[in-house]
Amino acid sequence: MDNTLVLSLYKNSRGAVIGDLYRGEERLLATAHPATIAAAIFSMDKYSFIFKSKKGQGEFSFPIDIGELDALGCLVEDQDDGKFLSGFATFSRFDFANPAPFDTQADIHFRTAVFHLPKALLRVLPSEPQPKSFKKDLKTRNKYVYFPYC
């Protein structure tokens with residue numbers, strides 16, 4: 001099986017951008033929040049991915065190198081996709097295992113990604129036990145997770 005990570009975007013029925021992450025032909029995660037996609041790649045300890053759109057495809061480093069933003073921008077289909085990818089590029093630089101003390105959301109994105117990904121792919125896991133509120137927080141986050149179906 002091809003281990004290459006592939007990210008593409010699509011719009012849901014309401015026009016929201018959904019990030020769709022594959023490993024080869026295997027669909028791993030689809031979500032409306034770019035931080036959860038970034039956390040998924042982080043948790044798999046991957047250092048590159050392919051971004052595909054109708055305009056073409058390209059291989060990019062993870063975290064996204066600032067010098068690659070123009071090439072990534074050339075593959076963007078519209079402003080909404082650009083906004084999603086801009087967020088994704090920002091979140092790709094986060095250390096989800098050791099978030100800044102003021103960051104109250106990194107942990108739930110990281111735990112959501114880890115929860116939904118196949119366990120065999122995980123290389124970086126949360127070091128702290130899950131908070132008592134995790135099930136409730138996950139239920140809230142799952143409103144924005146399209147695959148696996150929640």
Side-chain angles (χ1 to χ4, degrees), residues 2-119 121-127 134 137-150:
D2 185 3
N3 285 325
T4 304
L5 291 180
V6 179
L7 176 63
S8 60
L9 306 176
Y10 70 90
K11 303 276 193 308
N12 70 7
S13 61
R14 300 178 100 187
V17 177
I18 308 302
D20 210 4
L21 186 65
Y22 285 78
R23 182 180 72 146
E25 299 295 317
E26 177 188 12
R27 191 177 195 192
L28 300 176
L29 182 67
T31 181
H33 204 295
T36 308
I37 294 287
I41 296 172
F42 176 89
S43 71
M44 291 184 280
D45 200 28
K46 296 293 186 176
Y47 296 98
S48 67
F49 70 98
I50 292 173
F51 178 71
K52 283 186 179 180
S53 74
K54 291 177 185 170
K55 290 187 171 185
Q57 70 181 40
E59 186 167 357
F60 299 93
S61 61
F62 186 87
I64 295 176
D65 184 291
I66 217 154
E68 296 177 325
L69 290 177
D70 285 343
L72 185 59
C74 288
L75 298 173
V76 171
E77 294 179 40
D78 61 31
Q79 188 173 7
D80 291 334
D81 288 0
K83 185 177 176 185
F84 186 97
L85 286 175
S86 176
F88 174 73
T90 299
F91 295 123
S92 77
R93 302 193 115 358
F94 281 31
D95 178 353
F96 287 94
N98 301 293
F102 59 84
D103 189 339
T104 61
Q105 297 299 306
D107 186 63
I108 189 61
H109 288 291
F110 186 34
R111 289 180 188 277
T112 299
V114 166
F115 180 84
H116 287 297
L117 290 172
K119 302 309 174 221
L121 299 179
L122 299 173
R123 300 289 176 261
V124 182
L125 299 169
S127 59
F134 177 67
D137 295 341
L138 180 64
K139 187 175 180 179
T140 300
R141 281 282 2 123
N142 279 345
K143 293 176 187 175
Y144 307 99
V145 174
Y146 287 74
F147 183 87
Y149 305 106
C150 301

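Positions are given from 1, in the same order as the sequence printed here. For clarity, every value in this text was computed on a predicted model and none was experimentally measured.
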Quick one: do Q79 and D81 satisfy side chain to side chain contact (heavy atoms under 4.5 Å, CB included)? Show the steps, please. CA-CA 5 Å; Q79 188 173 7; D81 288 0; over 6 Å; no
Working for side chain to side chain contact (heavy atoms under 4.5 Å, CB included), residues N142 and H116: CA-CA 10 Å; N142 279 345; H116 287 297; 2.7 Å; yes
Could you please spell out the steps behind the side chain to side chain contact (heavy atoms under 4.5 Å, CB included) verdict for I18 and F147? CA-CA 10 Å; I18 308 302; F147 183 87; over 6 Å; no
With side chain to side chain contact (heavy atoms under 4.5 Å, CB included) as the test, would you mind laying out the steps for R23 and L121 before giving the verdict? CA-CA 10 Å; R23 182 180 72 146; L121 299 179; 3.0 Å; yes
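What you find for Y149 and R27 is that their closest heavy atoms are OH-NH1, 3.6 Å. The two residues F110 and S43 come nearest to each other via the heavy atoms CE1-CB, 3.7 Å. Between P34 and G87, the shortest heavy-atom distance links the atoms CB-C, 4.0 Å. Residues A38 and F62 come closest through the heavy atom pair O-CZ, 3.4 Å. In plain terms, the two heavy atoms of P63 and R93 that are nearest each other are CB-NH1, 3.3 Å. Considering every non-hydrogen atom in both H109 and A39, the closest pair reads O-CB, 3.7 Å.
Few gaps surround NZ on K55; more than 12 heavy atoms of other groups in view lie less than 6.0 Å from it. A 6.0 Å sphere centred on CZ of F134 holds more than 12 heavy atoms belonging to other residues, nucleotides or ligands. Within 6.0 Å of atom NZ in K139, 12 or fewer heavy atoms from other residues, nucleotides or ligands are found, so the atom counts as exposed in its surroundings.
Here the CG-CZ distance, from L122 to F115, works out to 12.0 Å after rounding to the nearest 0.5 Å. Atom CG in L125 sits 10.5 Å away from atom CG in D45 (nearest 0.5 Å). For the atom pair L21 CG and E26 CD, the distance stands at 10.0 Å (nearest 0.5 Å). In this structure, CG in L72 is found 9.0 Å from OG in S53, a value given to the nearest 0.5 Å. Once rounded to the nearest 0.5 Å, the distance linking CG of L29 with CD1 of I37 reads 4.5 Å. For the atom pair CG (L7) and CD1 (I41), the distance works out to 6.0 Å, reported to the nearest 0.5 Å.
With respect to D107 and R111, a salt bridge is recorded, a charged nitrogen being found less than 4.0 Å from a carboxylate O. Note on K11 versus D78: salt bridge recorded, some NZ/NE/NH1/NH2 to OD/OE distance being below 4.0 Å.
With sequence neighbours excluded, the residues forming a side-chain hydrogen bond (donor to acceptor under 3.5 Å, both in side chains) with N12 are Y146, listed by chain and number.
With contacts defined as side-chain heavy-atom distances shorter than 4.5 Å, the pair T36/Y144 does not qualify. A 4.5 Å side-chain heavy-atom check between L5 and L28 finds at least one atom pair inside the cut-off. Between F96 and N98 the shortest side-chain heavy-atom distance does not fall below 4.5 Å. No side-chain heavy atom of E59 sits under 4.5 Å from any side-chain heavy atom of T4. Taking the side chain as every heavy atom from C-beta outward, K83 and V17 never approach each other to under 4.5 Å.
For the pair K119 (side chain) and V114 (backbone), a donor-acceptor distance under 3.5 Å is present. Judged by distance alone, with hydrogens and angles left aside, the side-chain atoms of E77 form a donor-acceptor pair with the main-chain N or O of K54 at under 3.5 Å. Checked by atom type and distance alone, the side chain of S92 pairs as donor or acceptor with a backbone atom of A89 at under 3.5 Å. When atom types are taken as modelled, the side chain of E68 and the backbone of S61 share a donor-acceptor pair closer than 3.5 angstrom. Between the side chain of S86 and the backbone N or O of G82, no donor-acceptor pair lies under 3.5 Å.
With respect to F88, the ring pair (Phe, Tyr, Trp, His ring centres under 6.0 Å) criterion is satisfied by exactly one of F51, F94, F49, F42: F49.
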